[in-house]
Structure formats: C-alpha cells, structure tokens
Undergrad: 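Can you keep this structure in mind? I'll have questions shortly.
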Amino acid sequence: MIDGSRRERLRAQTVREIKETAMALLAEGGPGAVTLRAIARRMGMTAGALYGYYATRDDLLTALIDDVYTGLIDEIDEACGALPAEDAAGRLLAWAETFRGWATANPEGFRLVYGEPVPDYRPPPGGPAPEAERRACAGLVTLVAAAWPHAAGRQPEGGHDWSDFGPGLADEVRASHPGLPPAAVALALRVWGRMHGLVALEVHGHLRTQTRHPEKLYREEIRDLITSLGLPAGR
C-alpha cells in the first residue's frame, strides 16, 4: 500500500511529466498539437487517467502559462535584485537581457505567454497568470519610478490620466508609488514595448536573414532606451 506522502510525490512527478510532454508537443507542432489525448498517448497513459490530473485541456494550458510566466518573472527578479536599487540603468539592462535570454532559450514558452492565442483556449476570469502579470507590471513601474527624476523632463506632452489604464494597474501604482504620475505608467508600458519588440522578431525568426548577431542589436536598443531616459548607458 502506498502511503500518503509517497502518493503525493508520485502525483507531483506525473504532473511534471504531463507539463514537460505538453511543452514538447507545443515546440514540435504549435498550440494545436497540445491535447490531452496526444499527451496521454505519448506518456503511455489512457486519456481517462489523464483526466484525473487535468479535467480539461484549458486547465492544463492555464497551469502551463502560469508556470512559464512565473518562472520568467522569478529569473528577472533575481537578476534585478542582484543590483543596488539606486542603479536604475543597471536594473533596466538586467531586466531586458534576462528577458531576451529566457525567450531565446525557451521559444515555446515565449510563444505560449506572448504569442498568438491558443486556438479555442478560454482562460479563467482574470487571466491564466494574474500574479505573474501583476509582478511584471509592478517590476517595470518600479524600474521607471527609479528613473523618473531623470526621465520626466524628457517625456512628450501626452496628457495621460489614470483613466487611461486598467483600474488594477492604476490602483496598485498609486498605492506602491504615491506621487508617481500617470505619465510614468505610460512610460513603463512604452519601455516594455521596446524591450519586447526585437525579442519577438527574433523568436519568431524575422531577424534571421537580417543580422547574424541579434544580441548586439538588442543591447544597442536597450542602451539607447536607457540614455533616452537620461540615465548613463553604463556597461
């Protein structure tokens, strides 16, 4: 008879294998290849047995997206946390380079989180990874808040107000960074766009024939971003 702790370990091991198999199918055939029946077949299980772990494909995809997104933000937090809080330029560079390194090493994970929506996937209310998304937004706003004294005077007259943003983001920023204006939140989203853009082109193969060294292009883009905020480009 299997005791409770061993049963839990076996279940956790099977869950890990299910997720690893799903990610392999995603890499091989795209989102449409991820079905519970295909996973069960590859693992040598019956589809019925798999339903004991995930009732639907949507439940599995939600768990995968949450795992992948959380893993990314954990890596970014570790990289930024290794630098002093006052090193705004260094933290921006660390965030960007960690993001690119993760994306190029895990293209299937990048596509799962940031690519085209998975066909017929219905995420739960609030999204598949609300806490990871919250941490990502909060982290970017914190980076921009540190740079804001240098960057504020360089921003265009955008006329932003709090109604421009989702209430969850607006409420969190006002609670965590009192006095930070809506224009700084708009800047954080623009910073994210610049960090994300070249990475998306690279992961989806659109830079393959244009440059042999996309990492150089990306570093130049981020250093230009940093100097546009009035910070020293640094290393």
Side-chain angles (χ1 to χ4, degrees), residues 69-70 72-104 110 113-115 126-127 129-204 207 214-235:
Y69 204 165
T70 299
L72 165 61
I73 301 305
D74 286 346
E75 286 189 34
I76 287 173
D77 283 351
E78 183 177 357
C80 292
L83 298 171
E86 61 272 16
D87 186 4
R91 286 192 165 202
L92 278 163
L93 184 60
W95 178 294
E97 292 194 329
T98 301
F99 172 62
R100 179 187 171 273
W102 170 86
T104 55
F110 177 89
V113 175
Y114 296 111
E131 177 58 17
E133 185 176 17
R134 185 202 66 77
R135 288 172 59 194
C137 289
L140 282 167
V141 170
T142 297
L143 291 179
V144 169
W148 188 246
H150 306 276
R154 294 168 172 256
Q155 303 311 303
E157 294 290 336
H160 292 285
D161 57 52
W162 290 113
S163 65
D164 293 341
F165 311 105
L169 176 59
D171 290 347
E172 174 151 347
V173 172
R174 285 186 284 192
S176 58
H177 299 283
L180 197 67
V185 182
L187 177 59
L189 295 175
R190 288 163 46 216
V191 165
W192 174 230
R194 290 187 67 175
M195 287 182 174
H196 184 275
L198 281 175
V199 171
L201 289 175
E202 182 179 0
V203 170
H204 290 291
L207 293 179
E215 74 285 354
K216 291 183 181 179
L217 201 66
Y218 189 69
R219 175 172 276 260
E220 289 169 0
E221 171 69 356
I222 300 306
R223 292 185 70 177
D224 182 67
L225 165 62
I226 289 169
T227 57
S228 77
L229 301 177
L231 299 170
R235 60 187 175 90

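For this chain, numbers begin at 1 and follow the sequence in order.
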Undergrad: Please name the pair of heavy atoms, one in S228 and one in R194, separated by the smallest distance, quoted to 0.1 Å.
TA: OG-NH1, 3.8 Å
Undergrad: So if I apply the side chain to side chain contact (heavy atoms under 4.5 Å, CB included) rule between L231 and each of L225, I226, L93, which one comes out positive?
TA: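 The side chain to side chain contact (heavy atoms under 4.5 Å, CB included) with L231 is passed solely by I226 among L225, I226, L93.
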Undergrad: To the nearest 0.5 Å, how far apart are CZ in R219 and NZ in K216?
TA: 11.5 Å
Undergrad: What is the minimum heavy-atom distance between L169 and C137, and which atoms define it?
TA: CD1-CB, 4.0 Å
Undergrad: Can you tell if the side chain of V191 reaches within under 4.5 Å of the side chain of W95, non-hydrogen atoms only?
TA: no
Undergrad: Report yes if some heavy atom in the side chain of L180 is under 4.5 Å from a heavy atom in the side chain of V141; otherwise report no.
TA: yes
Undergrad: On a heavy-atom basis, which atom in A103 and which in V199 lie closest, and how many Å separate them?
TA: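 Heavy atoms of A103 and V199 come nearest at CB-CG1, 3.5 Å.
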Undergrad: Name the one of Y218, W192, Y69 that satisfies ring pair (Phe, Tyr, Trp, His ring centres under 6.0 Å) with F99?
TA: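 So, applying the ring pair (Phe, Tyr, Trp, His ring centres under 6.0 Å) to F99 and each of Y218, W192, Y69, only W192 qualifies.
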Undergrad: Please find the pair of heavy atoms, one from G159 and one from D164, that lie closest to each other, and give the distance.
TA: O-OD2, 4.4 Å
Undergrad: Any heavy-atom pair between the side chains of I222 and M195 that's under 4.5 Å?
TA: yes
Undergrad: Taking all heavy atoms of F165 and all of H160, pick out the closest pair and write down the distance.
TA: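 Closest heavy-atom pair between F165 and H160: CZ-ND1, 4.4 Å.
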Undergrad: For residues G126 and P130, report the shortest heavy-atom separation together with the two atoms involved.
TA: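 Scanning both residues completely, I find the closest heavy atoms to be O-CB, 3.6 Å.
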Undergrad: Hey, what's the ring geometry for F110 with W102, parallel, tilted or perpendicular (30° and 60° as the breaks)?
TA: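 Aromatic pair F110/W102 classed tilted.
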Undergrad: Provide the full list of side chain to side chain donor-acceptor pair (under 3.5 Å) pairs with a residue in residues 77-87, sequence neighbours left out, each pair given once.
TA: D77-R135
Undergrad: With sequence neighbours left out, what residues match R100 under side chain to side chain donor-acceptor pair (under 3.5 Å)?
TA: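 R100: side chain to side chain donor-acceptor pair (under 3.5 Å) contacts with E202.
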Undergrad: For the CD atom of Q155 and the CG atom of L229, what is their distance to the nearest 0.5 Å?
TA: 7.0 Å
Undergrad: Test side chain to side chain contact (heavy atoms under 4.5 Å, CB included) on I73 and E131 and set out the steps.
TA: CA-CA 10 Å; I73 301 305; E131 177 58 17; over 6 Å; no
Undergrad: Would you confirm whether R91, through its side chain, and L143, through its main-chain N or O, come within 3.5 Å as a donor-acceptor pair?
TA: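 Pair absent, no side-chain N/O of R91 close to backbone of L143.
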